[in-house]
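Before any comments, here is the structure.
Just follow the structure's listing: the first ligand is 1, and inside any ligand the first atom is 1.
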Amino acid sequence: TSGSVATSPIDSSDDAYSIPVSIGTPAQVLNLDLDTGSSDLWVFSSLTTASEVNGQNIYTPSKSSTSKLVSGATWKVKYGDESTSSGVVYTDKVTVGGITASSQAVEVAKTVSASFTSNSDIDGLIGMGFDSLNSAKPSAVPTFFDNIIGNLDSPVFTADLKHNKAGSYDFGVIDSSKYTGSLTYVAVDTDPGYWKFTSSGYGIGSAAFKSTSVVGIADTGTTLLYLDTAIVKAYYATVSGASNSATYGGWVFKCSATLPNFVFGVGSAKITIPGSYINYSPVTTGSSTCFGGLQDSTDIGINIFGDVALKAAFVVFDGSDTPRLGWASK
Ligand SMILES: CSC[C@H](NC(=O)[C@H](Cc1ccccc1)OC(=O)N1CCC(N)CC1)C(=O)N[C@@H](CC1CCCCC1)[C@@H](O)COc1ccncc1
């Protein structure tokens with residue numbers, strides 16, 4: 001089997017990308033953030049503390065004839081941006097892009113942190129990382145990808161994210177009409193559970209490409225591109241007036257600045273991120289100071305190829321026995 005689901009940016013800054021996910025019988029549709037940087041499928045629910053729900057769609061297990069409590073199971077996640085959520089576990093029917101997992105672990109939130117409450121565009125996450133990142137206790141529960149991979153024509157899903165418009169996630173098929181040229185594959189290290197790979201270097205604007213190994217994760221759930229200090233400094237050295245602001249917690253510049261393209265290498269292939277994607281957004285609404293889409297990864301401890309990078313490419317997440325990532329321009 002194979003399937004496809006449209007994915008849309010939640011706002012004009014492409015802060016995150018959500019997909020409609022059907023849960024239960026009859027179907028309850030929630031908008032979840034497909035996140036290759038984590039491995040819990042969790043949702044706002046009828047069990048979520050009422051004061052922590054603010055406009056999100058919720059999953060009500062008691063209204064689903066196919067829901068089952070997983071007795072004794074709990075979960076608790078904490079993300080890189082310090083946001084958290086926790087709760088209990090049900091199994092139920094889950095359908096994405098026409099593909100159904102008949103008994104998917106659905107982690108039902110009893111509590112969520114303020115940043116989730118304040119984001120009415122996201123009703124939860126569908127983690128597509130490796131099982132080692134799953135937070136369920138006393139034992140990890142399989143991801144949606146784990147549950148469907150055996151039925152897929154090919155053990156893959158692909159990401160075709162776009163700037164300010166709908167893209168798609170495909171399951172079980174690589175649609176060659178969605179990219180140009182050929183796919184270049186690179187090995188994935190599944191420790192500690194991210195889609196971690198080694199980029200072969202970078203180029204800033206028209207400057208010569210620098211061949212150097214840059215280890216990072218392909219993470220659909222992270223908005224920006226986070227790389228080593230040296231690369232980030234070299235990039236913003238070409239943007240007059242750019243500075244690393246303590247006030248705003250990162251590199252900022254005049255919104256009117258012209259930003260150079262940023263190229264990253266995958267094997268012998270090169271992916272070009274348009275400079276405009278790195279003009280991420282005003283630091284506050286209406287400000288003429290803009291926050292960069294390329295930021296320093298030092299405080300995170302890992303380089304992250306987030307949406308700013310992913311939306312410049314067509315990416316194959318290959319979950320075969322030897323996991324790998326395929327990259328192509330588009
Ligand atoms: C550098 S990991 C920070 C990253 N979270 C982000 O990227 C959020 C995403 C967001 C959230 C809500 C609204 C808009 C955007 O956005 C920002 O942080 N920014 C955008 C807005 C900008 N002003 C500041 C920077 C992150 O935890 N991702 C995790 C998934 C994420 C969690 C929060 C909800 C949305 C999904 C995940 O993949 C990676 O988990 C880890 C990474 C590293 N160790 C531990 C966990």
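- Closest to atom 22 (C) of ligand 1, if we only count protein heavy atoms, is Y280 OH, 3.6 Å.
- Residues Y90 and P61 come closest through the heavy atom pair CE2-CB, 3.6 Å.
- Closest protein heavy atom to atom 20 (C) of ligand 1: T223 OG1, 3.4 Å.
- In terms of protein heavy atoms, atom 11 (C) of ligand 1 is closest to D81 OD2, 4.2 Å.
- For ligand 1, the atoms lying closer than 4.0 Å to a non-hydrogen atom of Y226 are 1 (C), 25 (C).
- At a 4.0 Å heavy-atom cut-off, ligand 1 touches Y194 through the side chain alone.
- Annotation: atom 34 (C) of ligand 1 to nearest protein heavy atom, F116 CE2, 3.4 Å.
- With a 4.0 Å cut-off on non-hydrogen atoms, D33 touches ligand 1 through its side chain and not its backbone.
- Close approach to I300 involves these atoms of ligand 1, each under 4.0 Å from a residue heavy atom: 1 (C).
- Closest heavy-atom contact between I204 and P260: CG2-CG, 4.2 Å.
- Numbered from 1 in the order shown, with element, the atoms of ligand 1 that lie under 4.0 Å from a heavy atom of D219 read 37 (C), 38 (O), 39 (C).
- Residues T1 and L152 are in side-chain contact: their nearest non-hydrogen atoms beyond the backbone lie under 4.5 Å apart.
- Only the side chain of S83 comes within 4.0 Å of ligand 1, judged by heavy-atom distances.
- The nearest protein heavy atom to atom 24 (C) of ligand 1 is not closer than 4.0 Å.
- Atom CD1 of I23 sits about 5.5 Å away from atom CG of L32, to the nearest 0.5 Å.
- Nearest heavy-atom pair across V239 and A257 is CG1-CB, 4.0 Å.
- The two atoms that bring T7 and S168 nearest to each other are CG2-N, 3.6 Å, heavy atoms only.
- Between L125 and ligand 1, not a single N/O pair is under 3.5 Å apart.
- At a 4.0 Å heavy-atom cut-off, ligand 1 does not touch T220 at all.
- Shortest contact from atom 14 (C) of ligand 1 to any protein heavy atom: D15 CB, 3.6 Å.
- Of the protein's non-hydrogen atoms, Y79 CG, 3.4 Å is the one closest to atom 32 (C) of ligand 1.
- The minimum heavy-atom distance between Q28 and T60, with the atom names listed, is OE1-N, 2.8 Å.
- Applying side-chain contact (heavy atoms from CB on, under 4.5 Å) to W195 and the options L325, V315, D189 leaves one that passes, L325.
- Enclosure of atom NZ in K270 by more than 12 non-hydrogen atoms of other residues, nucleotides or ligands within 6.0 angstrom is indicated.
- A centroid separation of less than 6.0 Å is found between the aromatic rings of F197 and F305.
- Among protein heavy atoms, the minimum distance from atom 31 (C) of ligand 1 is reached at G221 O, 3.4 Å.
- Here atom 28 (N) of ligand 1 lies nearest to T222 when heavy atoms of L34, T36, T222 are compared.
- Of all protein heavy atoms, the one lying nearest to atom 41 (C) of ligand 1 is G80 N, 3.4 Å.
- Residue contact check: N119 has heavy atoms under 4.0 Å from atoms 12 (C), 13 (C) of ligand 1.
- Shown here is K196, whose NZ atom has more than 12 heavy atoms of other residues, nucleotides or ligands within 6.0 Å.
- Across all their heavy atoms, S115 and S83 have their closest contact at OG-CB, 3.2 Å.
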